[in-house]
2 protein chains.
Amino acid sequence: MSSSGKVNKDVPKPTEAELELLRILWERGPDTVGAVHKAREGQGTGYTTTLKLLQRMTEKGLVLRDESQHAHVYRAAITAEKTQRQLVRDLLQRAFGGSPLQLVVQALSEKRASAEDLSAIRQLLDEMEQKEDTNRKKTP
Amino acid sequence: MSSSGKVNKDVPKPTEAELELLRILWERGPDTVGAVHKAREGQGTGYTTTLKLLQRMTEKGLVLRDESQHAHVYRAAITAEKTQRQLVRDLLQRAFGGSPLQLVVQALSEKRASAEDLSAIRQLLDEMEQKEDTNRKKTP
DNA sequence: TCGTGTCAACGACAATTGTCGTAGAGCGGA
DNA sequence: TCCGCTCTACGACAATTGTCGTTGACACGA
């Protein structure tokens with residue numbers, strides 16, 4: 001791993017508020033503080049709160065800042081997938097002792113999954129079993 | 001919902017250290033501070049740290065304390081299942097926008113699940129689809 | 001009874017987190 | 001040119017979290 005340029009250092013786990021901002025950036029793409037702040041109106045928090053969070057996230061490496069314009073443009077430094085994987089792995093270790101089964105059970109029983117989701121998961125299971133067999137033959 | 005007696009008030013989400021202690025209590029059952037502390041040796045933390053955490057957890061309602069003995073005995077006030085459900089729901093909302101599919105995908109791809117796990121999940125899917133059909137007829 | 005070791009209570013502390021207020025910098029229109 | 005807006009920078013603050021140190025209360029054996 002770490003073969004191609006993506007050095008992607010060790011960014012810390014985002015906090016709750018930070019994750020909320022990251023979700024906005026993932027959804028809307030790079031944007032200014034003002035835009036991000038407007039996207040989270042209703043939280044009742046002030047503009048400087050959003051600004052401060054983004055500034056600290058920049059220091060942590062969670063977001064990148066383009067200062068070429070008067071209004072700085074922020075963009076997520078980590079992908080949604082990578083972050084989600086990190087969070088799931090973390091929860092898996094901390095709350096489930098590393099066993100994914102119970103996590104999946106809870107996830108599925110928590111929110112009524114759609115029929116499409118169920119079949120998608122079923123397909124994923126098929127692929128995993130396929131690969132499992134392949135591995136069994138390759139690495140005995 | 002909230003049909004049967006289990007009123008189970010609103011305990012806060014356990015922090016990282018608190019969750020670690022809860023896992024010990026879940027696994028070993030009610031025990032003293034000393035025993036819990038021994039179970040987490042290697043973390044390099046002191047006895048009073050464990051004590052303080054358990055005391056604060058008592059105030060929060062995360063654990064219950066039996067003071068009838070000189071060495072107080074603590075036990076988890078919430079079940080592992082309920083806590084896991086809470087944590088999964090939380091992560092689902094905060095990181096996945098409420099869609100369980102991606103969470104399941106990450107969970108399964110994160111750690112190579114055993115063949116038993118896979119078939120267990122498959123069975124769960126069957127049950128969910130079964131119930132889904134039932135619900136569709138009962139609550140249109 | 002006295003000493004020694006175990007344990008709980010309390011307070012303290014640094015780091016982190018979420019939240020602002022205030023002070024300037026810079027730009028665009030009157 | 002000057003005014004007003006928009007934005008950033010900086011610092012401050014309370015609450016939370018993880019971590020101890022110190023101080024007493026207790027209990028049990030010598």
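Hydrogens, waters and symmetry mates are skipped; everything else that's a heavy atom, side chains included, is used. Treat the numbers as computed from the prediction; the structure is a model and nothing was measured.
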Between CG on residue Leu91(B) and CG on residue Leu91(A), distance to nearest 0.5 Å: 5.5 Å

Results of side chain to side chain donor-acceptor pair (under 3.5 Å) for Glu41(A) - residues two or more places apart only: none

Nearest whole Å is fine: how far is dT19(C) P from Arg40(A) CZ? 6 Å

Ignoring the backbone of Leu53(A), work out which of dT19(C), dT19(D), dC7(D) is nearest its side chain. dT19(C)

Do any side-chain nitrogens or oxygens of Tyr47(B) fall under 4.0 Å of OP1 or OP2 in dT6(C)? no

Residues in side chain to side chain donor-acceptor pair (under 3.5 Å) contact with Arg75(A), at least two apart in sequence or another chain: none

Euclidean distance, atom CG of residue Asp31(B) to atom P of dA8(C) [Å, nearest integer]: 12 Å

Suppose we screen for side-chain contact (heavy atoms from CB on, under 4.5 Å). Which residues come up paired with Glu81(B), at least two apart in sequence or across chains? Gln106(A), Thr79(B)

Salt bridge (Lys or Arg N to Asp or Glu O under 4.0 Å) partners for Arg40(B), two or more places apart: Glu20(B)

Go through the structure and list residues passing side-chain contact (heavy atoms from CB on, under 4.5 Å) with Thr58(B), not counting sequence neighbours. Val63(B), Arg65(B), Tyr74(B)

Cationic N near anionic O, under 4.0 Å, Arg122(A) to Asp117(A): no

Going by side-chain contact (heavy atoms from CB on, under 4.5 Å), name the residues that satisfy it together with Gln86(B), two or more places apart in sequence or in a different chain. Lys13(B)

Go through the structure and list residues passing side chain to side chain donor-acceptor pair (under 3.5 Å) with Glu18(A), not counting sequence neighbours. Thr15(A), Lys60(A)

Without placing hydrogens or testing angles, list every side-chain donor-acceptor pair under 3.5 Å for residues 29-38 of chain A, not counting sequence neighbours.
from	atom 1	to	atom 2	distance (Å)
Asp31(A)	OD2	Arg28(A)	NH1	2.8
Thr32(A)	OG1	Ala35(A)	N	3.3
His37(A)	ND1	Thr50(A)	OG1	3.2

Rounded to the nearest Å, what distance is computed from the CE atom of residue Met57(A) to the C1' atom of nucleotide dT17(C)? 13 Å

Write out a two-atom table: protein N or O, nucleotide N or O from nucleotides 27-30 of chain C, distance below 3.5 Å.
none

In whole angstrom, what separates Gln43(B)'s CD from dT17(D)'s P? 19 Å

Contact list please: residues 13-25 of chain A against DNA chain C, heavy atoms, distance less than 4.0 Å, in numerical order. Thr15(A), Glu16(A), Ala17(A)

Just the rounded figure in Å: distance from C1' of dT8(D) to CD of Glu59(A). 13 Å

Under 3.5 Å, N/O pairs linking protein and nucleotides 9-12 of chain D:
from	atom 1	to	atom 2	distance (Å)
dA9(D)	OP2	Gln55(A)	NE2	3.0
dA9(D)	OP2	Arg65(A)	NH1	3.4
dG11(D)	N7	Lys52(A)	NZ	3.3
dG11(D)	O6	Lys52(A)	NZ	3.4

Any salt bridge (charged side-chain N to carboxylate O under 4.0 Å, His left out) pairs touching residues 47-57 of chain B, not counting sequence neighbours? none

Find the distance His37(A):NE2 to dT8(D):C1' and express it as a whole number of Å. 15 Å

Looking at every strand, decide which applies to Thr45(B) at a 4.0 Å heavy-atom threshold: base, sugar-phosphate, or nothing. sugar-phosphate

